[in-house]
Amino acid sequence: MQFASLGSGSRGNATLVRYKSKTLLVDCGFSLREAEMRLQRIGVKAEMIDAVLVTHEHTDHIRGVGAFARKHKTPIWMTHGTRRANSIGEVPDCNEIIIGEQLKFDDITVTPFSVPHDASEPCQFLFSTSEHKLGILTDTGMITPHIVHMLNGVNALLLECNHDIEMLADGEYPPHLKKRVGSDYGHLNNLQAAELLAKIDSSKLATIVAMHISEKNNDPILARQALAEAIDWDFDDIHVAHQAEGFDWMSVN
Ligand SMILES: [Zn+2]
Ligand SMILES: [Zn+2]
């Protein structure tokens with residue numbers, strides 16, 4: 001199984017997962033044109049994407065979903081709540097995610113799981129093949145026992161490190177936004193992400209990428225330090241997804 005990012009952060013998110021014949025796109029928070037450009041950069045043709053799985057209706061995850069699906073006839077998957085809450089318009093093939101029920105795309109099994117976040121019916125995903133598990137966790141305000149359960153034993157983890165507590169407190173966000181981001185239904189800070197790493201069974205974990213890093217309220221160095229310390233890895237072994245370029249293909253091993 002391989003994965004890549006077209007970009008990650010509050011200005012747009014899109015992640016790719018591929019295995020054998022299937023390529024899945026998780027969210028499309030970039031405009032159609034921007035998404036196509038970014039796909040080209042990592043060698044993927046938009047028409048090769050077999051499905052777009054949407055985590056929730058916030059613009060940084062859904063901006064290009066409708067236009068992408070209409071142009072490329074890509075099947076979309078999202079929860080009932082996400083579908084009701086957004087305006088992606090008419091799309092040719094919209095399917096419902098029922099949280100907890102597995103989806104199969106040939107040899108990839110996708111398990112959607114729920115997260116506390118201020119959206120209508122948000123979820124995140126666990127991808128499994130016969131050999132490996134890849135977990136994606138962003139846009140969650142806290143770590144729940146259910147999240148820990150879902151991510152136990154993953155081989156690779158894409159993990160939100162949205163903000164540093166002090167940088168958020170001292171930063172330029174207005175009070176209501178600071179409160180929202182830091183709340184139990186907002187975004188994970190570096191320490192919460194580190195806490196998750198310490199809680200899950202990480203015996204098979206070989207790859208960690210820090211995701212959804214705030215450009216204003218965090219520094220990738222702080223995120224990497226927090227994660228490396230929590231799991232006793234070298235700083236250099238923690239990867240980072242950037243807003244502008246995401247990251248190129250990596251393998252789950
Ligand atoms: Zn987001
Ligand atoms: Zn969100």
Side-chain angles (χ1 to χ4, degrees), residues 3-17 24-31 34-35 38 52-66 68 76-88 97 99 112-126 135-144 146-147 150-151 157-165 167-168 171 173-174 176-190 192-193 196 209-220 223 239-247:
F3 57 97
S5 164
L6 301 185
S8 178
S10 57
R11 289 191 288 117
N13 296 273
T15 309
L16 288 140
V17 177
L24 309 175
L25 180 62
V26 177
D27 294 328
C28 186
F30 301 102
S31 69
E34 183 74 32
R38 289 174 182 241
V52 183
L53 311 174
V54 181
T55 58
H56 63 299
E57 72 274 19
H58 290 161
T59 314
D60 58 319
H61 297 264
I62 210 164
R63 185 180 281 113
V65 169
F68 194 96
I76 303 291
W77 293 81
M78 57 176 71
T79 63
H80 181 72
T82 302
R83 178 75 171 131
R84 280 184 59 114
N86 71 61
S87 52
I88 63 165
I97 286 175
I99 293 178
F113 58 95
S114 53
V115 288
H117 188 56
D118 53 0
S120 282
E121 198 185 356
C123 63
Q124 294 289 320
F125 301 110
L126 176 72
I136 301 184
L137 180 68
T138 71
D139 299 78
T140 183
M142 58 182 156
I143 303 298
T144 64
H146 180 58
I147 292 173
M150 290 304 298
L151 297 177
L157 181 58
L158 309 189
L159 175 60
E160 166 163 66
C161 291
N162 178 262
H163 58 280
D164 170 76
I165 297 172
M167 283 181 73
L168 178 67
Y173 271 19
H176 75 275
L177 211 49
K178 286 185 183 181
K179 200 171 159 203
R180 196 225 130 207
V181 168
S183 82
D184 286 350
Y185 293 87
H187 291 274
L188 287 188
N189 63 50
N190 296 340
Q192 288 172 300
L196 173 86
V209 187
M211 304 286 287
H212 216 302
I213 295 178
S214 169
E215 291 173 301
K216 295 203 167 99
N217 304 313
N218 207 354
D219 180 331
H239 302 274
V240 173
H242 299 278
Q243 179 70 77
E245 68 266 24
F247 57 83

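Along the sequence shown, residues carry numbers from 1. Predicted, not measured: the structure shown is a model, and the values here were computed from it. Start at 1 and go down the list; that is how both ligands and their atoms are numbered.
- The atom name of the N/O/S atom in Asp139 closest to the Zn ion (ligand 2) is OD2.
- Among the backbone and side-chain atoms of His117, an N, O or S atom lies under 2.8 Å from the Zn ion (ligand 2).
- Taking the N/O/S atoms of Asp60 in turn, the shortest distance to the Zn ion (ligand 1) belongs to OD2.
- A side-chain donor-acceptor contact under 3.5 Å links Asp27 and His61.
- Side chain of Glu34 to main chain of Gly29: no donor-acceptor pair is present (N/O by atom type, distance under 3.5 Å, no hydrogens or angles).
- Exactly one residue among Asn190, Asp164, Asn162 makes a side chain to side chain donor-acceptor pair (under 3.5 Å) with Asn218. That residue is Asn190.
- Here Asp118 fails the criterion, with no N, O or S atom under 2.8 Å of the Zn ion (ligand 2).
- Among the backbone and side-chain atoms of His56, an N, O or S atom lies under 2.8 Å from the Zn ion (ligand 2).
- Distances from the Zn ion (ligand 2) to the N/O/S atoms of His58 are shortest for ND1.
- A side-chain donor from one of Glu160 and His187 sits under 3.5 Å from a side-chain acceptor of the other.
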Would Thr140 and Gln124 count as a side chain to side chain contact (heavy atoms under 4.5 Å, CB included) here? Give the steps. CA-CA 9 Å; Thr140 183; Gln124 294 289 320; 5.8 Å; no

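- For His212, the N/O/S atom at the shortest distance from the Zn ion (ligand 1) is named NE2.
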